[in-house]
Amino acid sequence: MGTLQSFVTGRWHGREAHQPLHSALNNSLIYHTHAETIDFGEVLDYGRKTGIPALMALDFQQRAARLKALALYLMERKEHLYEISRFTGATRPDSWVDVEGGIGTLFAYASIGSRELPSSNVLHEGPAMALGKRGGFAGTHILVPRGGVAVHINAFNFPIWGLLEKFAPSFLAAMPCIGKPATATSYVTEALVRMMHDSGLLPDGALQLVIGSTGDLLDRLTGFDAVTFTGSADTAQKLRSNRNLIANSVPFTAEADSLNCAILAPDVTPDDPEFDLFIKEVAREMTGKAGQKCTAIRRVIVPRERVDAVAERLRDRLSKVTIGDPAIEGVRMGALASKDQQRDVAAQVERLLAGNELLHGGELKLVGDGVQDGAFFAPTLVMCRNAMENEAVHDIEAFGPVSTLMAYEGIDEALALAAKGKGSLVSTLVTKDPRTAAYAVPVAAAHHGRVLVLEREASVDSTGHGSPLPQLKHGGPGRAGGGEELGGIRAVKHFLQRTAVQGSPTMLSAITGEYVRGGAVRESEVHPFRRHFEDLQVGDSLLTHRRTVSEADIVNFGGVSGDYFYMHFDDIAAKDTQFGKRIAHGYFVLSAAAGLFVSPAPGPVLANYGLDNLRFITPVAIGDTIRARLTCKRKVDRNRTDDRGVGQGVVAWDVQVTNQNDELVASYDILTLVSKRA
């Protein structure tokens with residue numbers, strides 16, 4: 001079907017055929033890698049001199065918008081990716097995780113960037129803090145693009161998701177990406193990158209693709225670059241020890257295969273729905289993607305008195321799995337990614353069976369023409385009856401449809417068995433008892449990057465043991481690599497440089513693009529709420545007139561709100577409190593402040609959609625006089641328009657409510673939608 005090409009220095013590179021790549025379904029030749037070598041000095045130079053300026057010409061919000069547009073573009077063309085993914089042996093549901101899971105991650109990070117990042121390339125990680133007694137010296141933290149290149153080295157099992165889940169946060173962070181897929185399934189990644197390039201949405205140099213060897217790429221990186229790796233623990237250790245990475249303190253993040261586990265709690269009986277959930281989850285993780293997932297369940301930890309029941313149910317479920325060509329209706333499990341992978345899994349199973357029993361596996365009945373020479377492997381269940389003494393079952397991983405069943409006596413022994421995996425990406429606890437969960441999860445959390453607690457209530461919406469989500473961190477301690485990916489905005493911050501900044505509040509406001517209290521403000525006769533988004537500047541401020549709080553205010557607010565709390569209405573009881581008198585409702589103070597600073601006539605401010613960081617500092621008593629200062633704190637241009645085609649932006653306003661002694665009474669941020677000029 002042709003020779004794969006690398007996409008480097010803005011062009012497709014390679015014509016001469018080199019290493020053959022075969023279909024996992026029937027071992028037929030489908031592609032070759034290219035023989036031409038790559039000048040990685042040129043690749044890095046292109047990323048730094050072309051990619052970084054092109055990405056920095058956009059701000060966080062604009063890059064988020066590009067991600068969304070790219071996700072929409074890929075979703076419209078997803079069937080082509082499904083078609084190519086079939087050669088990896090994946091079923092349609094397997095490929096759904098890879099194809100639409102990957103595209104969905106782009107959507108997720110487009111949304112995260114739109115909600116949480118500014119219209120600039122400086123992310124303020126506040127709040128700022130006073131560093132002097134007189135208010136003239138303060139400190140805060142900012143996050144800025146590193147000015148380097150991100151090298152993403154991926155495993156063979158998810159050739160699309162593996163690239164996109166790393167690309168999305170590094171793209172938001174303005175780090176050009178060099179993707180290096182595992183060779184066995186690199187033809188799928190190449191098809192994806194061709195599609196991304198054809199979209200025209202990526203700035204020049206934002207993404208490069210390496211097919212084949214990385215050569216001396218890692219030897220050329222600097223401390224401003226970053227490396228991420230997904231694959232085996234052995235390869236992670238080898239890459240991590242690269243002399244140049246160590247010498248230059250190049251950030252290295254590893255997400256390695258691990259011996260993940262599922263624990264059936266002692267409180268669950270075969271008659272409970274949770275028992276069926278446990279069986280279903282284990283079987284699904286054994287057969288999904290033919291067990292080729294870094295999150296797959298490798299160790300099945302059950303109470304000794306439930307071992308036989310679990311074994312029987314699992315054997316029954318696994319025996320009904322139809323294996324063969326995924327194009328045939330009814331096939332539920334496809335092939336391993338390659339013949340090499342098939343041989344490796346067979347060798348690891350042989351090691352696992354030394355001193356253990358084979359409960360299910362070996363015989364293969366395949367569906368489909370020409371599949372006999374494919375890289376198929378039967379779902380294999382091994383029994384270990386002495387798991388506390390047998391270290392092999394906690395060290396050997398067969399990266400395929402293989403799990404080991406092991407028994408425990410008491411929940412503490414179950415947790416000890418889980419810990420013997422020396423660090424895992426994920427574990428599942430199936431229990432119906434909240435007390436068991438409350439005891440077990442904090443213990444398990446020390447050894448696992450994610451813990452799923454599964455029972456009948458959660459099962460309605462559960463995404464399952466083996467599904468990393470963009471909103472939650474992916475990665476684990478110890479054997480799992482010690483790294484972190486995804487996790488919402490955390491993933492973007494991994495590719496940014498955090499720096500402490502000190503100076504006056506006025507200087508910090510200018511640097512961060514966000515008003516810092518104590519800094520200079522601009523007051524004018526034009527109310528800030530009368531200014532369109534483009535005309536507003538951070539620091540535009542209004543100091544309102546005053547209002548004296550009366551007993552009638554408190555009584556009226558109680559009547560409207562229904563809040564008759566004794567502190568507001570009972571003189572005698574209030575005298576016995578730390579305040580010594582009746583005080584106004586906190587939410588009355590908010591309402592009164594709004595009455596002081598709101599400009600009521602129609603104008604550019606369209607809606608108030610939330611409050612952040614609300615604190616009531618000093619109580620307001622009858623007879624106190626309050627006023628408010630409203631200051632434009634932050635502007636975010638989300639590049640959106642309303643139904644009329646009028647643009648909108650988000651403005652956060654800093655509100656400080658003070659009393660007659662200039663004491664801070666209430667402090668909060670108001671979030672508003674503000675229209676642009678028509």
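Bear in mind that the values here come from a model prediction, so they are computed numbers and not experimental data.
In this model, a donor atom of one side chain and an acceptor atom of the other lie less than 3.5 Å apart for S232 and T235. Between the side chains of R194 and Q5, at least one donor N or O lies within less than 3.5 Å of an accepting N or O. Between the side chains of H22 and S338, no donor-acceptor pair of N or O atoms lies under 3.5 Å. If you check the side chains of Q237 and R240, you find no donor sitting under 3.5 Å from an acceptor. Between K289 and T91, the side chains place no donor N or O within less than 3.5 Å of an acceptor N or O (distance only, hydrogens not considered). Side-chain polar atoms of N27 and K339 form no donor-acceptor pair below 3.5 angstrom. For the residue pair T295/N260, the side-chain donor-acceptor check at 3.5 Å is not satisfied.
In this structure, R11 forms no cation-pi arrangement with F7, as its terminal cationic atom is not both closer than 6.0 Å to the ring centre and no more than 45° off the ring axis. For R66 and F171, the positive end is not near the middle of the six-membered ring at less than 6.0 Å and at most 45° from its axis.
Heavy-atom neighbours of R304 CZ from other residues, nucleotides or ligands within 6.0 Å: above the threshold of 12.
In this pair, Y31 and Y187 present their aromatic rings parallel. The plane angle is below 30°, not in the 30 to 60° band.
Checked by atom type and distance alone, the side chain of H448 pairs as donor or acceptor with a backbone atom of A444 at under 3.5 Å. In this structure, N157 contributes its side chain and Q292 its backbone to a donor-acceptor pair below 3.5 Å.
Partner of D395 under the salt bridge (Lys or Arg N to Asp or Glu O under 4.0 Å) criterion, chosen from K422, R298, R299: K422.
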Show your working on ring pair (Phe, Tyr, Trp, His ring centres under 6.0 Å) between H152 and F495 and close with a plain yes or no.
CA-CA 12 Å; H152 299 314; F495 297 105; 5.8 Å; yes

